[in-house]
Peer 1: 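Structure provided below as structure tokens; questions to follow.
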Amino acid sequence: MSTITTRKADHKIDPIHLERWSSRAFSSKPVEDAKLHSIFEAARWAPSAANWQPWHFVYAEQQEDLAKFHSFIYEANVEWCKEAPVLVAVISKKTRNDEGDANITHAFDTGTAWGYLSLEAARQGLLTHGMGGFDRDKAKEVLEIPEEYEVQAVIAIGYHDPEAPLSEKNKAREVPSDRRPLDEFLFEGSFKK
Ligand SMILES: Cc1cc2nc3c(=O)[nH]c(=O)nc-3n(C[C@H](O)[C@H](O)[C@H](O)COP(=O)(O)O)c2cc1C
């Protein structure tokens, strides 16, 4: 992965938080199984309410499986993610027991697992790029996901290739983004507008 030098933190943090970014310039070079296992292992150790671990992942790296993902990801995303060697559906289980009682933190906990995964991927020199731009109903149908599960996101995983062919529009987006300062979202005592 390319090293990002333009991002600056206002307070001391591990540099991996700045180095992880969502480039669209993927190499088609396959991802080693050991690295793939490591990044899902990181997701495995995320905390969750009552340790229910609602996260599930369906990944694709064979051409016929990748084609299934391309069929439900919106065209604007397929345009760049078609080069990515691994695509993953991030899925949460909405229920917490056989009686079908709701797990109200399924999305929160699954988001945490994706966060862990993306940071471990960055440590392994890999790019991850999350996508909300896909047809959720079609994803459930194509991947044969049961009713009580929800597809939260799709992610592309692979190596960075700064020379990857991208549309002019996407080339212009190849700049790591900045963030709002802490004082815009961190409040002491009560929420302040
Ligand atoms: C849940 C989620 C959905 C996203 N959806 C898309 C998407 O559909 N297409 C896209 O190009 N990027 C998508 N992104 C990438 C974000 O735009 C990106 O993470 C954000 O701008 C911050 O940039 P950074 O990841 O480089 O720090 C998504 C990211 C997340 C976490």
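Atoms within a ligand are numbered from 1 in the order they appear, just like the ligands themselves.
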Peer 1: For atom 12 (N) of ligand 1, grab the closest protein heavy atom and report residue, atom and distance to one decimal in Å.
Peer 2: His129 NE2, 2.8 Å
Peer 1: Looking at atom 9 (N) of ligand 1, what's its closest protein heavy atom, distance included?
Peer 2: Asn77 OD1, 2.8 Å
Peer 1: State if Arg179 counts as touching ligand 1 under the rule of any non-hydrogen atom under 4.0 Å.
Peer 2: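 The answer is yes: ligand 1 sits under 4.0 Å from a heavy atom of Arg179.
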Peer 1: Would you kindly confirm whether Tyr116 and Val86 end up in one hydrophobic cluster when ILVMFWY residues are joined by side chain heavy atoms under 4.5 Å apart?
Peer 2: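 Cluster IDs for Tyr116 and Val86 differ.
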Peer 1: If you group Ile, Leu, Val, Met, Phe, Trp and Tyr by side-chain heavy-atom gaps below 4.5 Å, do Trp52 and Trp114 land in one group?
Peer 2: no
Peer 1: Under a heavy-atom criterion of less than 4.0 Å, does Arg7 contact ligand 1?
Peer 2: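 Right, Arg7 reaches ligand 1.
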Peer 1: Working to the nearest 0.5 angstrom, can you tell me the gap between Leu18 CG and Asp178 CG?
Peer 2: 9.5 Å
Peer 1: Could Glu174 and Lys171 be called an ion pair, given the rule that one side-chain N must be under 4.0 Å from one carboxylate O?
Peer 2: no
Peer 1: Tell me the contacting part of Arg24 for ligand 1: side chain, backbone, both, or neither, using a 4.0 Å heavy-atom threshold, strictly below.
Peer 2: side chain
Peer 1: Quick test: of every protein heavy atom, which one is nearest to atom 25 (O) of ligand 1, and how far off is it to 0.1 Å?
Peer 2: Ser22 OG, 2.5 Å
Peer 1: Quick check: Trp21 and ligand 1, any N/O pair under 3.5 Å apart?
Peer 2: no
Peer 1: Does Pro176 come within less than 4.0 Å of ligand 1, judged by its heavy atoms?
Peer 2: no
Peer 1: Which of the numbered atoms in ligand 1 are under 4.0 angstrom from any heavy atom belonging to Gly133?
Peer 2: 8 (O)
Peer 1: Taking heavy atoms and a distance under 4.0 Å, where does Trp80 meet ligand 1: side chain, backbone, both or neither?
Peer 2: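 For Trp80, only side-chain atoms sit under 4.0 Å from ligand 1.
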